[in-house]
Amino acid sequence: MKKYLLGTVILGSIFSYSLNADAKIQSKLVEYKDGNTTLEGYIVYDDAKKGKLPGVLVVHEWMGLNDYAKKRAEQVAKMGYVAFAADIYGKGIRPTTPDAAGKEAGKYKSDRKLMRSRVLSGFNYLKANKMVDNNKIAAIGYCFGGTTALELARSGADLKGFVSFHGGLDTPTPEDAKNIKGKVLALHGGDDPYVPEKDVLAFQSEMRNAKLDWRMVIYGGAVHAFTNPANGTDNSKGAAYNEKADKRSWKELVEFFGEIFK
């Protein structure tokens with residue numbers, strides 16, 4: 001299990017605010033359920049937008065729904081979409097150490113049925129939002145969230161697209177790729193020590209065998225968690241920020257959304 005800590009920037013408990021002069025971005029924490037488990041997600045949208053909007057489910061890293069995931073949801077909302085940062089772990093479960101994060105993430109990595117159930121609950125919450133065009137929904141995820149977004153795809157959820165940023169690519173049920181209904185984009189660090197080459201090749205075979213519309217972009221010199229500045233820039237730690245890969249991967253996301261939401 002990865003031994004690093006993703007730092008967070010404390011933004012305060014402001015749930016509704018304007019991010020810039022042109023967009024009136026509204027955000028708030030909301031409770032929802034997966035069975036008897038209470039989850040707490042983060043919904044963000046531009047209230048100046050009219051009519052139905054595409055929806056984007058954002059899935060957090062292994063540290064849980066923290067400020068990094070919220071920031072990404074805010075970036076998506078500024079693009080004109082309704083963003084919902086889902087909570088996989090449950091309300092109040094926010095690991096503060098690598099060991100705690102590893103144990104929490106491990107529960108879901110070893111139980112893909114539970115992982116799918118939790119992310120499907122987030123998808124259903126987003127889909128029920130009156131602002132969202134149910135025919136235009138995508139899911140994106142970072143690290144642990146990338147793995148989760150791909151499991152949502154394999155579950156057969158009816159989304160237009162799925163994006164993994166430096167996520168784990170392995171799955172115990174590669175045959176489930178036949179259930180994938182949307183397009184798949186995997187954005188991967190070429191030197192990621194936590195995703196072995198065998199997993200990369202297996203993922204490619206999985207996509208190819210299922211005859212999916214997919215693509216994978218590999219960034220040379222990038223290791224794990226390359227989109228998060230809080231990780232520093234020391235590649236020897238296995239997880240480090242890479243500004244070029246971060247910016248290039250975001251451009252890939254923008255292009256991908258333009259394609260699936262047209």
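Position 1 is the first residue of the sequence, and the numbers go up from there.
- The pair Lys71-Glu74 does not meet the salt-bridge criterion, since no charged nitrogen lies less than 4.0 angstrom from a carboxylate oxygen.
- Checking Val119, Thr171, Leu120, Val59 one by one against Glu151, the side chain to side chain contact (heavy atoms under 4.5 Å, CB included) holds for a single residue, Thr171.
- Nearest heavy atom pair, residue Tyr194 against residue Gly238, reads CE1-O, 3.6 Å.
- Separation of atoms CG (Leu159) and NZ (Lys127) is listed at 8.5 Å; rounding is to 0.5 Å.
- The closest side-chain heavy-atom distance from Leu150 to Phe203 is below 4.5 Å.
- Separation of atoms CG (Leu185) and CZ (Phe257) is listed at 9.5 Å; rounding is to 0.5 Å.
- Once rounded to the nearest 0.5 Å, the distance linking OG of Ser249 with NE2 of His166 reads 7.0 Å.
- Residue Asn235 comes nearest to Gly221 through the heavy atom pair ND2-O, 2.9 Å, listed as atom of the first residue, atom of the second, then distance.
- Heavy-atom contacts from other residues, nucleotides or ligands closer than 6.0 Å to NZ of Lys52 number more than 12.
- Once rounded to the nearest 0.5 Å, the distance linking CD1 of Ile137 with CD1 of Ile260 reads 10.5 Å.
- Checking Tyr241 against Asp246 by side-chain atom types alone, a donor-acceptor pair falls below 3.5 Å.
- The aromatic rings of Tyr32 and Phe84 stand perpendicular to each other, their planes meeting at an angle above 60°, with 30° marking the opposite boundary.
- In this structure, Phe144 and Tyr89 have tilted ring planes: the angle between them lies in the 30° to 60° band.
- The closest side-chain donor-acceptor pair between Arg118 and Thr37 falls under 3.5 angstrom.
- Residue His60 comes nearest to Ala69 through the heavy atom pair CB-CB, 3.9 Å, listed as atom of the first residue, atom of the second, then distance.
- Side-chain polar atoms of Tyr68 and Thr227 form a donor-acceptor pair below 3.5 angstrom.
- Side-chain contact check for Tyr108 versus Leu114: some heavy-atom pair is nearer than 4.5 Å.
- Salt-bridge formation is not detected for the pair Asp176/Arg112: no Lys NZ or Arg NE/NH1/NH2 atom is positioned less than 4.0 Å from an Asp or Glu carboxylate oxygen.
- With no hydrogens or angles considered, a side-chain donor-acceptor pair links Asp234 and Ser236 at under 3.5 Å.
- Using a 4.5 Å cut-off on side-chain heavy atoms (C-beta onward), Met216 and His188 make contact.
- With respect to Lys181 and Asp158, no salt bridge is recorded, no charged nitrogen being found less than 4.0 Å from a carboxylate O.
- A salt bridge is absent between Asp47 and Lys28; no separation between the charged side-chain nitrogens and carboxylate oxygens falls under 4.0 Å.
- Remark: Asp111 does not engage Arg116 in a salt bridge, criterion side-chain N to carboxylate O under 4.0 Å.
- Side-chain N or O atoms of Asn242 include none that pairs as donor or acceptor with a backbone N or O of Val223 at under 3.5 Å.
- Counting only heavy atoms from C-beta outward, the side chains of Leu253 and Trp250 approach each other to under 4.5 Å.
- Here the straight-line distance linking atom OG of Ser117 with atom CD1 of Ile88 works out to 9.5 Å at 0.5 Å rounding.
- The number of heavy atoms from other shown groups lying within 6.0 Å of NZ (Lys33) is above 12.
- Of all heavy-atom pairs spanning Ala239 and Ala225, the tightest one is CB-CB, 4.1 Å.
- A cation-pi arrangement is found for Lys70 relative to Tyr42, the charged atom lying closer than 6.0 Å to the ring centre and inside a 45° cone about the ring normal.
- The CD atom of Glu206 sits 10.5 Å away from the CG atom of Asp199 when rounded to the nearest 0.5 Å.
- Closest approach of Thr173 to Arg154, counting heavy atoms only: O-CD, 4.5 Å.
- Side chain of Asn231 to backbone of Ala240: no donor-acceptor contact under 3.5 angstrom is found.
- A salt bridge links Arg215 and Glu259; the closest N-O separation between the charged side-chain nitrogens and carboxylate oxygens is under 4.0 Å.
- More than 12 non-hydrogen atoms from other residues, nucleotides or ligands lie less than 6.0 angstrom from NZ of Lys178.
- Around NZ of Lys183, the count of heavy atoms belonging to other residues, nucleotides or ligands within 6.0 Å exceeds 12.
- The existence of a salt bridge linking Glu252 and Arg248 is excluded, since no basic side-chain nitrogen approaches an acidic carboxylate oxygen closer than 4.0 Å.
- Side-chain contact between Leu212 and Met207: present, with at least one pair of heavy atoms (C-beta onward) separated by less than 4.5 Å.
- Between Ala149 and Val163 the shortest heavy-atom distance is CB-O, 4.0 Å.
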